[in-house]
Amino acid sequence: MNALIKAEDREQISKYGKLKGWDICNSLGLQSFGNVYIMNDYIDIEDQKIKEIFGEEPLLCRTDAPIGQGYKMIRGRDVKLKDINNYMKEVKQCTEDGVILVAKHPSTVLTGHYVPRYKTDGAVMIVFEKNTRILIDYVGAGFDVGDITRGKAIHTAIEIPWNSIYEKPIHNYRYSGIMGEQRFQISDIQYEVSRKNRIKELTDNLKESDKEAIINSIPTKTPKLDYALFEKVYTECIDKVIYGKPQTSDKPYGIMLNIYGDKFCVFEVWNIERSIQKDIELEK
C-alpha cells in the first residue's frame, strides 16, 4: 500500500473512526474540509507531487486508527509538511496501526489564510442523546473543540429536551435561560483558570512556540454563547443532523466544529464506538 492515499475507497473509509465520521459529515451537507489523505507510513517530503498537493502552509493532521483503537492516539496538530514524518514517528509509537489524516487546513480553505489554533473564534460540540436531549458545549476564542472532547474546558453549556428539538432556536435559547439547570455558564474566576490551562496546553503539549502571541490572542473576558451564534449552530448544524437522520446507533453521537470568523468547520459526526476498546483489548 502507498504511504499516502486519497480517502476515496469505501473500505478504507469504513475502517477508521474519524475518517468514517468525516464521511458521514459530508453526506449530511455539513461544512467540513476538503480532500483527505490517509498517511500510513513515512513519505518523501521532497516529492514534487506531494508538495503540489499540500503546499507550504501548516496542514490539518488528525491521528486515527482502526475503529476500537481510537483511545490509543495522541492529539491532532497543525503540522508543516517538512515536520510531518516526525509526527508520524509519534503516531507509530502509539500503535503500528495508527495513521494520520492529512488535509489542507480548514482555516486556509474557508478564509484563504492559515489561522493557528490559538486564534480560532471558538468551538462547539453537540451531543445527540436520542429521545432524551441535545447538549451543546461551547468554548470561546483561542480554544478549539479538542478542549471540549478531552474534558479540558466548557465555557457555556445548553441542554435542549428532545421533545423541543423541532422548536425555533429562539424558543430553546430562551427556555434554557429560564430553566437554570439547562444552562451552565463558567464564572469569571473559573475562566481565568481555564485560560491559564489553555496557554499551558498550547505551549507544552501542542508545540506552539509563540507564547506572547498566544497570551495576546486568548481573551481575558469570559466568553458566552450568545443567541446569534446559537441560532447559526442550530440552523447550519443541528437541523441538518435531526432532519438528515445519520446512520448511527441508538447510543449518543455528536458533531464537533471549530469556528473561523463567520465560518464553521465540522470535523466529523462522532460515534462512541470509534474510541471504545475492542473486546480483545478489554480482556488483557
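All residue numbers refer to positions in the sequence shown, counting from 1.
Taking both residues in full, the closest heavy atoms of Lys72 and Cys94 are given as O-CB, 3.4 Å, listed atom of the first, atom of the second, then distance. Nearest heavy-atom pair across Tyr16 and Pro66 is CD2-N, 3.6 Å. The minimum heavy-atom distance between Pro252 and Val127, with the atom names listed, is CB-CG1, 4.2 Å. Listed here is the closest heavy atom pair of Asn40 and Asn2: ND2-O, 3.1 Å.
Applying the ring pair (Phe, Tyr, Trp, His ring centres under 6.0 Å) rule to Tyr234 yields the partners Phe230; only residues at least two apart in sequence or on another chain are considered.
Atoms OG and CG, on Ser32 and Asp23 in that order, are 10.0 Å from each other to the nearest 0.5 Å. Here CG of Asp83 is found 12.0 Å from OH of Tyr87. Values are rounded to the nearest 0.5 Å.
Hydrophobic clustering keeps Ile84 apart from Leu60 (ILVMFWY residues linked when any side-chain heavy atoms are closer than 4.5 Å, directly or through intermediates). No continuous path of hydrophobic side-chain contacts links Ile74 to Met256 [ILVMFWY only; heavy atoms under 4.5 Å]. In the hydrophobic cluster analysis, where Ile, Leu, Val, Met, Phe, Trp and Tyr join through side-chain heavy atoms closer than 4.5 angstrom, Leu4 is grouped together with Val79. Val91 and Tyr42 fall within the same hydrophobic cluster, where Ile, Leu, Val, Met, Phe, Trp and Tyr residues are linked whenever their side-chain heavy atoms come under 4.5 Å apart, directly or through other members. Under the 4.5 Å side-chain heavy-atom criterion for ILVMFWY residues, a single connected hydrophobic cluster contains both Ile242 and Ile136.
Counting only distance, with no hydrogens or angles, the side chain of Lys18 and the backbone of Thr63 share a donor-acceptor pair below 3.5 Å. A distance-only check finds a donor-acceptor pair linking the side chain of Thr156 to the backbone of Leu225 [under 3.5 Å]. Remark: the backbone N or O of Gln190 is not paired with any side-chain donor or acceptor of Ser194 at under 3.5 angstrom. For Tyr227 (side chain) and Ile170 (main-chain N/O), a donor-acceptor pair under 3.5 Å exists by modelled atom type. Formation of a donor-acceptor pair under 3.5 Å by the Thr111 side chain with backbone atoms of Thr108 is not found in this model. Between the side chain of Lys80 and the backbone N or O of Glu56, no donor-acceptor pair lies under 3.5 Å.
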Stepwise side chain to side chain contact (heavy atoms under 4.5 Å, CB included) check, Arg117 with Val145: CA-CA 10 Å; Arg117 64 173 72 219; Val145 75; over 6 Å; no
Working for side chain to side chain contact (heavy atoms under 4.5 Å, CB included), residues Trp270 and Met125: CA-CA 10 Å; Trp270 168 85; Met125 175 82 178; 4.1 Å; yes
Verdict with supporting geometry, Ile214 and Arg198, side chain to side chain contact (heavy atoms under 4.5 Å, CB included): CA-CA 9 Å; Ile214 292 169; Arg198 174 61 170 165; over 6 Å; no
Chi angles and distances behind the salt bridge (charged side-chain N to carboxylate O under 4.0 Å, His left out) call for Lys20, Glu268: CA-CA 8 Å; Lys20 184 177 180 181; Glu268 64 176 294; over 6 Å; no
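A cation-pi contact, defined as under 6.0 Å to the ring centre and within 45° of the axis, links Lys232 to Phe264. Geometric assessment of Arg183 against the ring of Tyr173 yields a positive cation-pi assignment under the 6.0 Å and 45° thresholds.
Separation of the Tyr166 and Tyr243 ring centroids falls under the 6.0 Å cut-off.
In summary, the side chains of Gln69 and Thr95 do present a donor paired with an acceptor at a separation below 3.5 Å, with no hydrogens or angles considered.
The neighbour count for Glu192 CD, taken as heavy atoms of other residues, nucleotides or ligands under 6.0 Å away, does not exceed 12. Other residues, nucleotides and ligands place more than 12 heavy atoms under 6.0 Å from the NZ atom of Lys240.
Between His105 and Tyr114, the ring planes are perpendicular. Angles over 60° get that label, and only those under 30° would be called parallel. Note: Trp22 and Phe33 have parallel aromatic rings, judged against thresholds of 30 and 60 degrees for the angle between ring planes.
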